[in-house]
Amino acid sequence: MFIQFKREVEATLKKAIEDAGFTVDDLELGISPFADLASTVCYRIASAYKIAPGKAATEIVERINLAREKFIAAVKASGPYINFYASNHFLTTTLRSILEGNLGFDTKEGLVILEHTSANPDGPLHIGHIRNTVIGDTLARILRRAGWQVEVEYYVNDMGRQAAMVVFGLNHFELDRSKKLDHAIADVYIKANRLIEEEPQLKSEVDELIKLNEAGDEAVVSRFREAVSLSLEGTRRSLARLGVDHDLFVWESDFVRSGEVLRVISEIKACESISVFEKEGALMIDLKGAGFDKEFVISRSDGTSIYATRDLAYHRWKAERGDRVVDIFGADHKLISSQLSFILGSLGVKKPEIVIFEFVSLPEGSMSTREGKFISADELIDEVEKRALAEVEKRRDDLSAEKRAEIARAVARGAIRYDIVKVAAEKPTIFDWGSALDFEKQSAPYIQYAHARCCSILRRADLTEGTIDLTSIDLLKADQEVKLIKMLSKFSYLIEDAASSLKPNLLATYAKDLVESFNMFYRDCSVLNAEPKLRSARLALVEATRIILSETLETLGIDALEEM
RNA sequence: GGGCCCAUGGCUCAGUCUGGAUAGAGCACCGGCCUUCUAAGCCGGGGGUCGGGGGUUCAAAUCCCCCUGGGUCCGCCA
């Protein structure tokens, strides 16, 4: 409902500025600690019209008539600032809408194709990969919540050198089938790399595998499929443990087999704005004119395709089907993805919106699957679940073992996701067990706990059928009640913001702020022991809070537990 | 050598895009609150030249330039 309040303020302020005889192109409205919305536009007017900013503010405010405005209760000039305050009607409308299931989103037309994780099938997901996973999955949920139709895709890299190394490894070493298969594949992959290091002449075996795979040699192709599937099966199970599900797994090799890669190459050759040349048998694009200081290889001298070209084919396919294409890539893909965007643009194909996240490293340095230096996602989940179970057992010996394990799983999944999503994507991070295992304030359990408290109050209130009573919600005037309702009103505003800026960490911050507001209300305002009318008003507020908390948690991919 | 990202209390971060009214949290530390709706909670305290330097502006953590430190990438890897 905050969006509607802001629109009303914008219209009111715009008119008043015009009536006062000023012209500005930005209303400079923002959330302020001193008002519900504040404008700093008077500084601009002051310098443009050579008057004191405070005088401009007074003149503008004098021209505002609030008689017909529904959501603005007051507007005040405070020095150079113009402060707007929300009305009681705004508060009751907010509560009413939430309880009626209207969260105030604009409808959107269109399909977003979002790709995330897409890790090489050479081992299990590690804590670096799941930063991609959590950012991508949370964004998918945010976009869906904002009203977009979203298809989530995983690009399976089954044509590359890594996949070939795995196949080579399986030709030389036994796969330990007693292990989770992606972990067993990593063992083989690590051994394969070591073997090539010791006996470099064996590298030709790998090159041969790549060539035969590309040529479509049946036996080799099925070896690749089989090897990649083993790894991918493990990956999918890890993703499921994090509450992540892809709609579609798109195999890289399909674009080679279908001729799409060749088609892209011939389109590039035909494109007037791209200059293609041959060098030692390899096909290259000159990107110097486009601000890149290097050439860009689109096919190898032995005729095989490379990742970049296959990715072009994949992106063209996505662009044909989606209205928006969103990619989540690690920082190492920054250059290649901007080159990709440039070429797609030249071909007249819709460019992807790319979210780049910086790397996760270990205290002792960067991770490497090849060298076996990584903490796997499974290992992380196991540890956090163990710790969560210990916490549940400490405080809830009244619950059954199954129930406790269920809560521990939900707490662990949430703690991991929140710990990752709360940090802005562009920050490089160093993995820290202390922070991963922390279940206090800046963590998912803190938010889940507030939801469980709401549920507990509602359970004890012993409401009969549809008895959330809205008739007395205008009694909610205490400081903490008002603040909480205002926080609730901002949910859709935050989602829209996160959906357009593609910043999932905004929602994590909102969740924490919302819970803080609820905890203050919980501290100051007794619900169940209040006078009957106030009690039912507060119950309505608790129910509205529960709804928004549950929506927020769902959008973050965290289970909204009813008790913990 | 060049491109891009990051630098905010002892540690981990929010705020930077869109400059404004006292720079916010968490962890750790110190001190309080369970006969009151779940203490995974709440309250109070100490602790910050927002990496350094210059510039733009009435106003800079936020914009521009230079530097330092860390990360990452730079034609046949993905």
Side-chain angles (χ1 to χ4, degrees), chain A residues 26 28-30 32-35 38 40 42-43 46-47 53 78-81 83 118-120 122 157 159-163 252 279-285 287 291-302 304 306-308 310-311 330-336 338 356-359 361 366 388 391-392 394-396 411 415 419 422-430 432 434-435 438-450 452-461 501 503 505-506 508-509 512-513 515-516 519-520 522-530 538 542 563-564:
Chain A
D26 182 357
E28 300 189 33
L29 277 170
S32 148
F34 304 93
T40 55
C42 292
Y43 284 110
S47 63
S78 169
Y81 302 93
N83 290 339
S118 302
N120 272 317
D122 53 17
N157 303 123
M159 294 288 298
R161 186 162 291 274
Q162 274 83 348
E252 191 181 14
K279 190 165 160 188
E280 291 151 20
L283 212 52
M284 304 193 178
I285 301 179
L287 287 179
F292 301 100
D293 61 355
K294 300 281 182 180
E295 298 89 1
F296 183 85
V297 178
I298 55 175
S299 79
R300 294 193 185 100
S301 41
D302 65 4
T304 56
I306 65 170
Y307 162 81
R310 298 188 293 262
D311 212 19
D332 54 340
H333 279 62
K334 208 160 193 180
L335 176 63
I336 190 88
S338 61
I356 298 285
F357 67 95
E358 289 289 331
F359 277 22
S361 48
S366 46
E391 291 294 323
V392 182
K394 205 160 70 189
R395 47 198 106 210
R396 295 304 298 268
V411 164
D419 191 50
K422 72 181 178 188
V423 180
E426 66 271 16
K427 301 274 185 183
T429 60
I430 295 171
D432 171 35
S435 159
D438 179 18
F439 299 152
E440 291 179 51
K441 196 163 184 176
Q442 281 175 13
S443 74
Y446 177 74
I447 302 158
Q448 291 171 306
Y449 189 69
R453 271 181 164 171
C454 289
C455 292
S456 170
I457 293 173
L458 293 162
R459 210 167 23 231
R460 280 165 180 271
S501 63
K503 286 181 178 176
N505 64 311
L506 296 179
T509 306
K512 187 208 70 180
D513 291 342
V515 170
E516 265 170 11
N519 283 339
M520 280 189 239
Y522 182 86
R523 182 194 67 209
D524 291 350
C525 308
S526 175
V527 178
L528 299 177
N529 300 323
R538 284 180 175 168
V542 171
E563 57 180 332
M564 59 189 285

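Protein chains get the first letters and strands the later ones, always in sequence-line order, with residue 1 at the start of each.
Side-chain nitrogen and oxygen atoms of Y522(A) include at least one within less than 4.0 Å of the OP1 or OP2 phosphate oxygen of rA39(B). For R453(A), a side-chain nitrogen or oxygen approaches OP1 or OP2 of rA39(B) to under 4.0 Å. A sub-4.0 Å separation between OP1 or OP2 of rG15(B) and a side-chain N or O of N505(A) is present.
Between the side chain of R300(A) and the backbone N or O of I306(A) there is no donor-acceptor pair closer than 3.5 Å.
Along RNA chain B, the nucleotide nearest to T429(A) and the one nearest to E440(A) differ in position, and the one closer to the 5' end is contacted by T429(A). Of the residues near RNA chain B, P33(A) and S501(A), the one whose nearest nucleotide (by heavy atom distance) lies more toward the 5' end is S501(A).
Judged by distance alone, with hydrogens and angles left aside, E391(A) brings no side-chain donor or acceptor close enough to the base of rA40(B) to form a pair under 3.5 Å. At a cut-off of 3.5 angstrom, counting only N and O atoms as typed in the model, there is no donor on one side facing an acceptor on the other between the side-chain of D438(A) and the base of rA28(B). In this model, a side-chain donor or acceptor of S32(A) finds a partner on the base of rA21(B) within 3.5 Å.
Nucleotides rU68(B) and rC29(B), compared at atom C1', are 32 Å apart to the nearest Å. Taking atom P on both rC67(B) and rA60(B), the two are 24 Å apart, rounded to the nearest angstrom.
In this entry the base of rG26(B) is anti relative to its sugar, with a glycosidic angle more than 90° from 0. Classification of rC64(B) as anti follows from a glycosidic angle more than 90° from 0.
Base contact: C525(A) has a heavy atom under 4.0 Å from a base atom. Using a 4.0 Å heavy-atom distance criterion, S526(A) is classed as a base contact. Counting non-hydrogen atoms under 4.0 angstrom, D122(A) reaches nothing in the nucleic acid. Across all strands shown, N519(A) has heavy atoms under 4.0 Å from sugar-phosphate atoms exclusively, and none from any base. Nucleic acid contact class of S361(A) (heavy atoms, under 4.0 Å, all strands): none. Residue V542(A) is out of contact with every strand shown, counting any heavy-atom pair closer than 4.0 Å. Using a 4.0 Å heavy-atom cutoff across all strands shown, K427(A) reaches at least one base atom of the nucleic acid. Counting non-hydrogen atoms under 4.0 angstrom, A308(A) reaches nothing in the nucleic acid.
Using Watson-Crick or G-U wobble geometry with both donor-acceptor distances under 3.5 Å, rC27(B) finds its partner in rG10(B). Pair assignment for rG1(B) gives rC74(B), based on Watson-Crick or G-U wobble hydrogen-bonding distances that are each under 3.5 Å.
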Close N/O contacts between protein and nucleotides 59-61 of chain B (under 3.5 Å):
none

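Here E426(A) pairs with nothing under the salt bridge (charged side-chain N to carboxylate O under 4.0 Å, His left out) rule; sequence neighbours left out.
Residues S118(A) and N157(A) come closest through the heavy atom pair O-OD1, 3.3 Å.
Side-chain proximity of Q442(A) to the nucleotides rG26(B), rA40(B), rG20(B) is greatest for rG26(B). Taking the side chain of V411(A) as heavy atoms from C-beta on, and the options rA40(B), rU22(B), rG20(B), the nearest nucleotide is rA40(B). Side chain of E252(A), nearest nucleotide from rC37(B), rC42(B), rA78(B): rA78(B).
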### Query
Going through the checks in order, is the side chain to side chain contact (heavy atoms under 4.5 Å, CB included) test met by V542(A) and Y522(A)?
CA-CA 9 Å; V542(A) 171; Y522(A) 182 86; over 6 Å; no
### Query
Given N519(A) and R453(A), is the side chain to side chain contact (heavy atoms under 4.5 Å, CB included) satisfied, shown in steps?
CA-CA 10 Å; N519(A) 283 339; R453(A) 271 181 164 171; 3.2 Å; yes
### Query
Can you list the steps and then say if K422(A) with N505(A) is a side chain to side chain contact (heavy atoms under 4.5 Å, CB included)?
CA-CA 5 Å; K422(A) 72 181 178 188; N505(A) 64 311; 5.7 Å; no
### Query
Going 5' to 3' along nucleotides 71-77 of chain B, which nucleotides have protein heavy atoms under 4.0 Å from the base (write B), which only from the sugar-phosphate (write S), and which from neither (write -)?
-SSSBBS
